[in-house]
Each structure stands twice: as structure tokens, then as C-alpha cells.
Amino acid sequence: MSTATMTQISNTETSGEDMTSAITGKEQSTCELTHIRNIAIIAHVDHGKTTLVDGFLRQTGIFRENQELVECVMDSNALERERGITILAKNTAVTYKDHLVNIIDTPGHADFGGEVERILGMVDGCLLVVDCGEGPMPQTRFVLRKALERGLRPIVVVNKVDRPNIDPHLAVDKVFDLFVELGASAEQLDFPYIFASGVKGIAMKEPKEEGVDLKPLLDLILEHCPPPTGSPSEPLQMQISILEYSDYLGRIGVGRIYNGRVKAGEQVSMIKEDGSVVKGRIAKLFTFHGLKKVEAESAEAGEIVAIAGFATANVGDTIASLEAPVALHRVKIDEPTMKMAFLVNDSPFAGQEGKFVTSRQLRSRLFHELETNVSLRVDETDNTDTFIVSGRGELHLGILIETMRREGYEFQVSRPEVICKEIDGVTNEPFERLFIDVPDDYTGAVMNEMGPRKGELQNMGVEGNMAVLEFIVPTRGMIGFRSEFLRLTKGNGIMNHAFLEYRPWCGEIARQRNGALVAWEEGTTTAYALGKAEDRGFFFITPQTHVYAGMIVGEHNRSQDLDINVCKVKQLTNMRSASAEVLYTLQAPAEMGLEKCLEYIHDDELVEVTPKSVRMRKRQITRR
């Protein structure tokens with residue numbers, strides 16, 4: 001890109017209702033681009049969005065007949081495939097009955113709700129996918145509220161109708177009740193709905209009908225999703241909604257063209273958040289076809305395109321013409337609610353397993369993540385070995401840690417902390433809405449656990465032998481709750497939570513965890529030592545594990561920490577003993593993955609993350 005020149009312009013904010021109006025308030029002539037449909041698929045996590053997109057791609061001729069395919073082809077990230085969730089919003093396009101249908105698959109987890117908000121700003125309609133067995137869930141409420149606020153009229157897809165013992169029409173009634181609760185208009189309440197099975201690739205107007213393919217759903221999209229409005233003859237206006245990164249092209253901005261035309265190699269201007277204008281050239285222009293980006297010479301209003309050439313592009317920036325740079329209404333980015341410290345690994349095992357271990361490499365990787373992860377914040381501290389990373393929740397930060405670990409980075413992280421705000425001189429903290437489905441027998445134990453965590457019961461219902469509980473709880477109270485919840489319900493409970501709002505600080509929450517069993521010295525653990533110490537608590541490690549002094553190897557039965565020798569070997573003598581050949585049968589160790597470790601540690605403890613291991617340790621280590 002040529003050297004940027006910066007100019008200040010007035011940045012009067014436009015109304016959210018008319019995204020194509022200029023900041024000067026002048027009306028622009030618009031027309032409907034009837035051959036294009038821009039639609040987003042929104043839903044709660046695991047309700048079948050990505051599987052439904054698979055069906056669209058298979059049935060619209062995107063793949064060859066003999067092409068080998070995988071499930072959830074849109075989830076291209078290895079972590080997405082392992083966890084079965086969508087982490088990053090992705091765009092695809094299919095052609096159906098001479099119409100170009102741009103489909104955007106969005107994340108379903110609450111920690112990635114910021115992606116959903118931005119995507120809804122670049123589409124004209126949305127598919128709200130609901131599991132007919134579960135009905136509307138917490139994230140369904142969140143994404144539907146955002147869609148209704150933007151004036152969209154969702155098409156409801158009741159998915160997984162092939163499941164036994166379910167009532168699809170009951171799910172429709174629950175969705176209607178949710179529309180009413182969220183204050184939908186009369187037009188929005190008259191939403192079209194259809195029944196589908198994403199796995200089988202079928203859709204039908206009634207669940208009793210025999211489905212053949214997804215054409216009824218595609219026809220419903222063409223009929224009910226309005227075409228984009230805009231004028232190709234007006235000055236260029238395009239807004240960036242998704243960021244990608246290429247090692248060859250740098251930062252790539254994906255967004256919708258609201259007005260005008262754009263050409264590859266054209267000189268344009270980019271309007272930043274502060275109203276300044278950066279002039280530059282569009283190095284590459286891409287449109288979408290199926291899963292591929294296709295290089296194009298030009299594109300016009302209504303299309304969703306990707307552009308390269310602006311190294312400082314950010315979500316919400318407007319790409320406009322040189323002659324008449326007019327900004328669009330800016331997309332608001334969700335603020336982070338949780339933070340943790342990333343530190344250079346200084347344990348006795350530092351540098352043995354990782355490829356990237358220095359402060360410079362850690363800093364470079366964290367700031368590189370900001371190129372595409374717009375909900376993330378990275379702050380440097382007085383200590384050059386420590387960085388404060390803020391995100392939308394435990395899962396959001398956990399995904400980053402796991403990604404870096406797989407790339408060969410070795411580092412340490414602290415316990416997650418919530419981000420508080422000062423509002424009218426009062427300290428406020430984030431609260432979440434928590435929904436719990438448990439067998440009726442475990443209701444008392446769950447409610448008893450939520451009390452010390454400052455959870456307030458809002459609603460309680462019984463469906464068969466299952467109790468449905470709704471709580472409002474501070475985000476602090478949710479840290480470490482998932483593992484405790486699984487223990488209390490013996491794995492039979494289901495919990496879902498989503499960010500609600502900031503409320504005044506509700507007081508201290510006691511951490512209900514026993515002390516830790518801490519390794520006494522560096523060495524290799526033995527079955528003999530672990531067997532002798534089992535009455536002290538339970539362990540996280542197995543025999544023949546390499547440990548160091550200060551490493552957490554288990555949980556004590558009491559509230560205080562206990563230093564313990566887990567490397568002790570049985571002394572050999574020439575005297576015969578009745579117990580000489582006794583084999584020790586050890587209890588199975590507790591499996592501690594990355595998420596469990598982050599929930600488990602206290603303020604004086606750290607999680608050591610390497611490509612091969614995840615260990616817990618004390619901050620202060622006494623070397624022996």
C-alpha cells in the first residue's frame with residue numbers, strides 16, 4: 001500500500017436503520033438487487049448450523065460427485081473439529097435458481113457472540129436454527145434479540161426432526177413465546193418456519209411429510225429473505241465486518257458493498273473510527289464461490305467481497321471512494337469481560353518441550369492474534385515477561401491458549417479474572433444468565449452449590465423427571481463451576497450460560513477448594529511413593545511422571561497445602577520381607593485438561609502450557 005495520508009473529516013453517525021445513508025444525512029437513491037440474497041445462520045451451540053450449511057453445499061453442485069467430503073466442512077480449524085463447535089464466522093456462497101445466495105455460518109457459543117453481532121450487520125435476513133428436542137436455549141435468546149433489534153425477520157428452522165419422541169410443533173410454540181418475550185413486532189411475530197434434518201439433508205413444511213432435499217428451505221429463503229438494497233451508480237461504500245490474515249497479502253477485510261462499485265487496483269479511502277481517512281489501493285479483490293475465494297476484477301452493491309491492501313483495516317471501517325468519502329454506521333465491538341496474565345515460562349522444565357519460549361516470540365504471537373481476533377485485547381506491563389490478555393470468557397481465552405500450544409509455544413498463564421467497570425462511581429461486574437437441566441434428584445445439590453456463588457434463582461420448572469433451573473449469577477461465580485457441576489450431577493446435568501449485563505459488585509465469593517499436594521523435589525514419580533501418600537488426597541499424575549519442586553501433583557484432603565515426596569523409591573535390602581513382592585494398586589488419577597486447570601488454580605498458582613504437557617505449579621518455587 002502506498003504511504004498513508006491522514007485527513008480529518010466530520011464523522012456524524014448515521015442511523016442504524018439506514019445503513020446506506022451518508023453521514024451528511026442526504027438521502028440516496030437505492031434499488032433492490034433481486035438476484036442476490038445475503039443471509040446468516042444463527043443458533044445456540046450444537047443445534048446444527050454447520051451441518052445445515054453442509055447440506056446446502058452438497059445439494060447446490062459445489063462439490064464433484066466423486067469428491068471425498070468430511071462432516072462440518074465449514075469447520076476447517078482443527079480445534080473446531082475436535083470440539084464440534086464453530087469458533088470463527090465463515091462465508092460461503094451458492095447459486096440456486098439464478099440467484100447468488102451468500103451464507104454466513106456464525107459461532108453458537110456465548111464467548112463468540114461478538115462475531116454474531118457483526119455478521120447481522122452485513123445481511124438482510126437470517127435463519128434461526130432451533131433443536132426441536134431442546135427448544136430455544138440461552139444463546140438462542142441472545143442472537144434472536146440482536147436480530148430483532150436490527151429489524152430482521154428471521155426464518156425459523158426446526159432442526160433434528162428425525163429424533164425420536166419429540167414434538168416439533170412444541171418447539172415452534174416455544175420460539176413464538178420467545179419472540180413475544182423479546183418484544184418482536186407484529187410483522188416479526190408472523191415468522192415463516194420449516195422443519196429440517198441437517199444430517200439427512202432434507203426440509204419439509206410439515207414434520208410428517210417425506211423429505212427429499214433442502215430445496216423447500218432454499219425456496220423459502222428466496223421468498224422471504226429480502227434482496228439487498230443499494231445503488232451501483234452511487235459513490236463506493238463498503239463496511240468491513242470480518243478480518244482474515246494471509247502471510248502473502250497481510251490483513252484481509254471481508255464485508256458487504258452497500259453502494260457503488262469496487263475494482264481491483266483502484267485507489268480508495270478508508271474511514272477509521274476517529275474519522276480520519278487513510279488513502280490506499282486495493283491490491284486484491286475476491287468474491288466467494290462455495291468454500292473458495294475467487295479473484296475478481298470488480299464487484300458492485302449487494303455483494304460480499306474480500307479486499308487486501310490496507311494493513312490497518314479494522315472491523316467497522318468504511319471503504320469509500322476518493323472523491324466522496326462517506327462513513328457508514330459503525331459496528332460496535334463487544335468489550336472483553338475476562339482477563340488473565342500470559343507469562344514467559346520460568347519453571348525448572350522451561351525450554352525442554354517448546355519451540356517458541358522467549359518474551360519476544362510470545363509478544364509477537366499475541367499481537368499477531370489481534371490481526372483477526374477483534375474481541376481480544378493485549379496490554380503490556382512493567383514486566384517485559386508478562387502480558388495481560390482480555391477476552392470474552394474462559395472458552396475464548398482457552399481457545400487461544402490451546403492454539404498457541406499446538407503451534408509450539410511454551411508459556412504460563414494465571415487464573416482468569418473478571419473485568420470490572422466504574423459506572424456512576426460504583427464498581428460493576430459482569431453477570432450471566434445460567435440455564436441448568438438436571439434430573440430432579442440433583443436439584444437440591446445444584447441449588448446448594450449456587451448459593452455461595454451468589455446465584456439468584458429466577459425460574460424453576462419440571463419437565464418429566466428433569467428440572468429446568470434459571471439463575472442470574474456473577475461471572476466470578478461461574479469460574480470453576482462446570483467441573484463441580486459435573487461432579488454433583490454425576491455427568492447427568494446440562495448447563496448453558498450467556499453474558500447478561502454489568503451490575504454492581506455483589507461481594508466476595510469464597511473459593512471452595514482444598515489445598516494442593518505439591519511435589520517436594522525434582523525427579524520421577526514412583527508407584528511406591530504415590531501408594532503411600534494416597535491417604536493424603538487424590539493425585540493428578542501417574543507413576544513415571546517427571547515433576548519438579550513446586551509442581552502441583554494432587555489435591556489435599558484439608559484446606560492447607562502440603563509438600564509431599566512423590567519420588568521416593570523403596571529401599572532394597574538383602575533381608576526377606578513378607579511384603580517384598582506386594583504390587584501397589586493405585587486409584588485412577590483425576591484427568592486435568594487445560595480448561596479444568598484454568599478453573600482449578602488459585603491466585604498464587606500458574607498453569608504451565610507446553611506443546612506436550614499442561615502442568616500446574618506454585619508461583620513461588622523453592623528450588624532444592
Side-chain angles (χ1 to χ4, degrees), residues 1-2 19-20 30-40 53 56-57 60-64 73-74 76 88-105 118-119 121-124 227-270 278-311 313 315 317-323 325 328 372:
M1 189 185 73
S2 59
M19 295 291 288
T20 60
T30 60
C31 62
E32 289 189 349
L33 306 159
T34 55
H35 65 289
I36 298 176
R37 297 291 187 277
N38 296 323
I39 195 162
V53 175
F56 288 142
L57 295 172
T60 52
I62 296 299
F63 303 119
R64 302 189 312 273
V73 68
M74 290 287 283
S76 54
L88 302 172
K90 300 175 191 69
N91 183 52
T92 186
V94 300
T95 304
Y96 179 70
K97 291 186 177 178
D98 298 325
H99 288 75
L100 176 66
V101 183
N102 287 303
I103 303 170
I104 305 177
D105 184 22
R118 298 198 309 274
I119 298 310
M122 62 191 286
V123 297
D124 305 289
T229 57
S231 174
S233 60
E234 293 289 337
L236 172 65
Q237 283 182 304
M238 169 190 167
Q239 188 164 58
I240 296 173
S241 297
I242 303 175
L243 289 179
E244 297 178 359
Y245 189 82
S246 165
D247 290 336
Y248 302 99
L249 299 174
R251 189 175 289 196
I252 298 174
V254 179
R256 171 178 160 183
I257 304 173
Y258 289 93
N259 282 305
R261 289 185 173 87
V262 63
K263 297 179 181 178
E266 182 180 8
Q267 289 285 336
V268 294
S269 57
M270 179 175 66
V278 179
K279 296 180 181 179
R281 185 178 69 88
I282 294 179
K284 293 284 184 180
L285 175 66
F286 300 96
T287 57
F288 294 89
H289 180 66
L291 300 175
K292 300 177 181 177
K293 289 190 186 76
V294 181
E295 195 168 340
E297 290 298 320
S298 64
E300 61 181 29
E303 293 188 61
I304 294 176
V305 298
I307 62 168
F310 287 88
V315 169
D317 291 349
T318 299
I319 304 298
S321 63
L322 283 177
E323 298 78 19
L328 292 166
T372 54

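Positions are given from 1, in the same order as the sequence printed here. None of these values were measured; they are calculated from a predicted model.
- Closest approach of R256 and P228 over heavy atoms only: NH2-CB, 3.3 Å.
- In terms of the salt bridge (Lys or Arg N to Asp or Glu O under 4.0 Å) criterion, residue partners of E295 (sequence neighbours excluded) are, by chain and number, K284.
- The two residues A320 and P325 make their nearest non-hydrogen contact at CB-CA, 3.7 Å.
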Contacts table for residues 245-254: side-chain donor-acceptor under 3.5 angstrom, sequence neighbours left out:
residue, atom, partner, partner atom, Å
S246, OG, Y248, N, 3.1
S246, OG, L249, N, 3.2
R251, NE, E371, OE1, 2.7
R251, NH1, A313, O, 2.3
R251, NH2, E371, OE1, 2.6

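- For the pair A299 and V305, the tightest heavy-atom approach, listed with the atom from each and the gap, is CB-CG1, 3.6 Å.
- The shortest side-chain heavy-atom distance between R37 and H99 falls under the 4.5 Å cut-off.
- At least one side-chain heavy atom of I304 sits less than 4.5 Å from a side-chain heavy atom of I104.
- Rounding to the nearest 0.5 Å gives a distance of 10.0 Å between CD1 of I319 and CD of Q239.
- Checking N38, T92, D124 one by one against N102, the side chain to side chain donor-acceptor pair (under 3.5 Å) holds for a single residue, N38.
- Here CZ of F310 is found 11.5 Å from NZ of K279. Values are rounded to the nearest 0.5 Å.
- Nearest heavy atom pair, residue A301 against residue P232, reads CB-N, 4.1 Å.
- Distance CG/L236 to CD1/I282: 6.5 Å, rounded to 0.5 Å.
- Between R261 and E266 the shortest heavy-atom distance is O-OE1, 4.1 Å.
- Remark: side-chain polar atoms of N259 are not paired, donor with acceptor, to backbone N or O of P235 under 3.5 angstrom.
- At least one side-chain heavy atom of V262 sits under 4.5 Å from a side-chain heavy atom of L285.
- Taking 4.5 Å as the limit, some side-chain heavy atom of T287 sits within range of a side-chain heavy atom of E303.
- Put simply, CD1 on I240 and CE on M122 are 10.5 Å apart, with the number rounded to the nearest 0.5 Å.
- Under the side chain to side chain contact (heavy atoms under 4.5 Å, CB included) criterion, S298 pairs with K263, sequence neighbours left out.
- The backbone N or O of S321 lies less than 3.5 Å from a partner atom in the side chain of S269, making a donor-acceptor pair.
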Take M238 and Y258 through the test side-chain contact (heavy atoms from CB on, under 4.5 Å) and record every step on the way to the result. CA-CA 6 Å; M238 169 190 167; Y258 289 93; 5.9 Å; no
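- Between atom CD of residue E323 and atom CD of residue Q267 there is a gap of 10.5 Å, rounded to the nearest 0.5 Å.
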side-chain contact (heavy atoms from CB on, under 4.5 Å) between I39 and I103: does it pass, once the steps are laid out? CA-CA 5 Å; I39 195 162; I103 303 170; 4.1 Å; yes
